[in-house]
There are 2 protein chains.
Amino acid sequence: MKMRDVAKYAGVSVATVSRVLKGDDNVRQLTKEKVLKAVEELNYVPNTLARNLSNMQSKKILVVVPRVSNAVFSSIYHGIQNVVNEKGYQVILIETFNRRDSSVPELIRDRTVEGAILLSAMMSEEEFAEKFKGLPVVLATDNLRERIQSTPSVSIDNVLAAEKAVHYLANLGHRCIAFLGSRSDSIGARERLEGYKNGLHQHGLKVDESLIFEGEWSLESGYHLANQMLFQKKLPTAIFAASDNLAIGAISALSEQGVRIPEDISIVGFDNIAVSEYLTPALTTIEQPSVQIGEKAADMLLTILDHQLLEQMHVELNSKLIIRNSCRRMKYLERGDEPK
Amino acid sequence: MKMRDVAKYAGVSVATVSRVLKGDDNVRQLTKEKVLKAVEELNYVPNTLARNLSNMQSKKILVVVPRVSNAVFSSIYHGIQNVVNEKGYQVILIETFNRRDSSVPELIRDRTVEGAILLSAMMSEEEFAEKFKGLPVVLATDNLRERIQSTPSVSIDNVLAAEKAVHYLANLGHRCIAFLGSRSDSIGARERLEGYKNGLHQHGLKVDESLIFEGEWSLESGYHLANQMLFQKKLPTAIFAASDNLAIGAISALSEQGVRIPEDISIVGFDNIAVSEYLTPALTTIEQPSVQIGEKAADMLLTILDHQLLEQMHVELNSKLIIRNSCRRMKYLERGDEPK
DNA sequence: CTGAAAGCGCTTACAG
DNA sequence: CTGAAAGCGCTTACAG
């Protein structure tokens, strides 16, 4: 069943069938009806492969994500899908598991997809530019070794976000605040640490390197890092964890050792993944607007594919502190040292 | 840059270039080298759109999932990707959010994808058969209104799985076990309830309808259902929650009301999502082999696309009880009634 | 408003 | 082993 069969059946040319199907206005009403009737009766479905070749477009975009099981990534993905489906695009999703996946530029060049949104790109700006030069790509992430000026991006201000967490803890009277982060060589990891240090400084607190613990972003890593912390003599009264997963893993380890949250140690997470609200105690955390990050990145990619100009190359969305029950206010006398 | 440019540059025909590129053996070594050199120097990438049309195949499959943010779904997805990528397929992922998405058969018929794996299909067997008749589709789910004999499927034995949970609780001495489930009209929901009832019967316990609570599969629903339960006079000593999300939501509500897990109430979840291990207390749960479900479903779809015969139309994988710390053994005297 | 024909960039059966 | 040519099923500029 192809277009020529429909044409024959309707007594018109394939050109006319094609016009009717694409909604071309230059077709007589009567002709249009004949064609539609033929399509209906023959149960005809146009061949997308042929259409793609003729139009030289696939109506597909690529989304590259380290892993979908991560709640932040799946939310960003969701945001992307929200907007591109609306515009008739399908999304091909690739999980990299941090393997070096160099197939992305190829999938654009070979026309499998029209463009790509990356949720991670752990390479130098130079390497990135070389690989993606001139290709329609948008970064929806802070999983970057360094800022990539040449490519549009969406992210949050991680420094500011981390500062908010520390402000909050410091304002509750905490003077000894540990940091749990990732040693991944990414902007996100570095900036959250930077924000942590800034936050301490802004409250006149000193950075104590023995209170900084770095591993991966995972639950497991949070668990291990907290155990490491517990084996040191000096316990903090509060923890800022650079991801909710780290926070949850840490709480698990602390609880196992009889450390109570928030009575003994307060903790603030980062991301506001769904489960955070349902932990006991419910986790105070920094919310990333993940869905909007995805939506904005998709908007930008579609704008590029449409050969329009971007309003902004680098968009920063706002983070927000979500206060729940994992932190407590220190009593004045408990404070290890005087506030400045 | 197209194949004819490469051909011209290498001094051969496009047919030869095509043969070299597809790895056809019937090409002289010298010719092959000339072509490869030309490809290299011209930085040529074959146009997939044209190739797809010629081969009449897209090398793409569709995965339809209610939502990727769900940990079970994302694991199944991951399993699918494991095997199809290996075979050179890309996957197009569609989230339905339980909206009725009738575009799936169309995407197969119009050749966008070669086949589909569905992680949910909430319709009657009749409606399903009508929509998907003859199309290469595999079901990797229990999110079905009813068993669909005509379509290959992968799932677990939910009845058996739920029985395991109840056995475990009953063997710990629990006599009053509540059920938290989903009122979704799916096999998964019904079978887990059925397994719960079976389990009770097998231990000589009566089913008490006032201990059965049904909502959605979500965290939020677990929270609400547990609150409902708390407002009844009769509290169980144990809960079997038909998903980890329900369990986590329930624990949240119970903790808020000062009910301790497992001292006051024991709880068993279902799914073994990643976070379960890191809750306090760590959640005892039934593990679904989600990744394998995805892998097996993908195997089956590829087998069908390869026009091979399936070994089995309906595959059931094994579930497993993962014992952690959310349940306690009842002391003899605490038991409300004598064991039979 | 409509049709004949060229074109999209590959693949492959056929002939040599 | 290699090439000329037809074919995949659409789209669209051009002519009328």
Side-chain angles (χ1 to χ4, degrees), chain A residues 1-39 42-60 88 90 106-114 305, chain B residues 1-39 42-60 88 90 106-114 305:
Chain A
M1 179 57 44
K2 57 181 80 163
M3 203 173 264
R4 84 188 323 267
D5 299 311
V6 177
K8 209 170 291 173
Y9 189 91
V12 299
S13 71
V14 294
T16 298
V17 176
S18 177
R19 288 194 190 100
V20 171
L21 259 26
K22 76 171 294 201
D24 193 319
D25 268 345
N26 290 17
V27 184
R28 216 162 24 124
Q29 184 59 27
L30 187 66
T31 313
K32 194 178 289 184
E33 282 163 13
K34 273 197 302 190
V35 170
L36 260 15
K37 185 152 159 289
V39 166
L42 297 177
N43 197 10
Y44 168 71
V45 178
N47 183 314
T48 302
L49 270 23
R51 181 175 281 175
N52 284 347
L53 177 59
S54 276
N55 292 333
M56 209 47 92
Q57 56 174 17
S58 60
K59 281 294 188 178
K60 287 178 192 49
Q90 256 100 41
E106 177 124 12
L107 289 170
I108 301 177
R109 291 214 178 85
D110 79 6
R111 308 278 189 164
T112 296
V113 296
E114 299 181 23
L305 292 180
Chain B
M1 178 56 46
K2 59 182 79 164
M3 203 173 263
R4 81 188 325 267
D5 300 312
V6 178
K8 209 169 291 175
Y9 190 91
V12 299
S13 71
V14 293
T16 298
V17 175
S18 177
R19 288 195 189 98
V20 171
L21 258 26
K22 75 171 293 202
D24 192 321
D25 269 347
N26 290 18
V27 183
R28 215 158 30 121
Q29 184 58 28
L30 186 67
T31 313
K32 193 178 290 186
E33 282 164 12
K34 273 196 303 190
V35 171
L36 260 16
K37 183 152 161 286
V39 166
L42 296 177
N43 195 11
Y44 168 70
V45 178
N47 183 314
T48 302
L49 269 22
R51 181 175 280 175
N52 284 347
L53 178 59
S54 277
N55 293 333
M56 208 47 92
Q57 55 174 18
S58 60
K59 282 293 189 179
K60 287 177 191 50
Q90 255 101 42
E106 178 125 12
L107 289 170
I108 301 177
R109 291 215 178 85
D110 78 5
R111 309 276 189 166
T112 298
V113 296
E114 299 182 23
L305 293 179

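Just so it is clear, the structure is predicted and the values come from calculations on it, not from any experiment. To find a chain, count down the sequence lines: A is the first, B the second, and so on, and within it residues start at 1.
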On a heavy-atom basis, the closest approach of B:Tyr44 and B:Lys2 is CE1-C, 3.6 Å
Between the CG atom in A:Asn52 and the CE atom in A:Met56, the distance rounded to the nearest 0.5 Å is 10.0 Å
Set of residues satisfying side chain to side chain contact (heavy atoms under 4.5 Å, CB included) with respect to A:Lys59, sequence neighbours excluded | A:Gln57, A:Tyr89, A:Glu114
Rounded to the nearest 0.5 Å, how far apart are NZ of B:Lys32 and CG of B:Leu30?
-> 11.5 Å
Dot-bracket for DNA chain D, 5' to 3', with Watson-Crick and G-U pairs under 3.5 Å, [ ] for crossing pairs and | for other-strand pairs: what is it?
-> |||.||||||||.|||
Please list, chain by chain and in numerical order, all residues satisfying side chain to side chain contact (heavy atoms under 4.5 Å, CB included) with B:Tyr9, sequence neighbours excluded.
-> B:Ala38, B:Glu41, B:Leu42
Heavy atoms under 4.0 Å, any strand shown: does B:Thr31 hit a base, just sugar-phosphate, or nothing?
-> sugar-phosphate
Identify whether any heavy atom of B:Asn55 sits under 4.0 Å from a base atom; if not, whether one sits that close to sugar-phosphate; answer base, sugar-phosphate or nothing.
-> sugar-phosphate
Do A:Ser58 and B:Leu49 have side chains that get closer than 4.5 Å, going by heavy atoms?
-> yes
Which residues in residues 7-21 of chain A have at least one heavy atom lying under 4.0 Å from any atom of DNA chain D?
-> A:Ala15, A:Ser18, A:Arg19
Could you state the interatomic distance from CD (A:Gln90) to NZ (B:Lys60), rounded to the nearest 0.5 Å?
-> 10.5 Å
Give the first and the last nucleotide of DNA chain D, reading 5' to 3', that has any atom under 4.0 Å from a heavy atom of chain B.
-> D:dC1 to D:dG9
Which pair of heavy atoms, one from B:Val14 and one from B:Arg4, lies closest together, and at what distance?
-> CG1-CA, 3.5 Å
Could you give the distance separating D:dC1 and D:dA5 at their P atoms, to the nearest angstrom?
-> 24 Å
Drop me the distance from A:Thr48's OG1 to B:Arg109's CZ, to the nearest 0.5 angstrom.
-> 13.0 Å
Using atom P of each nucleotide, how far apart are D:dG9 and D:dA13 to the nearest Å?
-> 23 Å
Which part of the nucleic acid does A:Asn26 contact within heavy-atom distance under 4.0 Å: base, sugar-phosphate only, or nothing?
-> base
Mapping A:Ala50 and B:Lys22 to their closest nucleotides on DNA chain C, which lands nearer the 5' end?
-> A:Ala50
Which residue pairs satisfy the salt bridge (Lys or Arg N to Asp or Glu O under 4.0 Å) criterion with at least one member in residues 16-31 of chain B, sequence neighbours excluded?
-> none
Between B:Met3 and the options B:Val39, B:Asn47, B:Leu21, the side chain to side chain contact (heavy atoms under 4.5 Å, CB included) test singles out B:Leu21
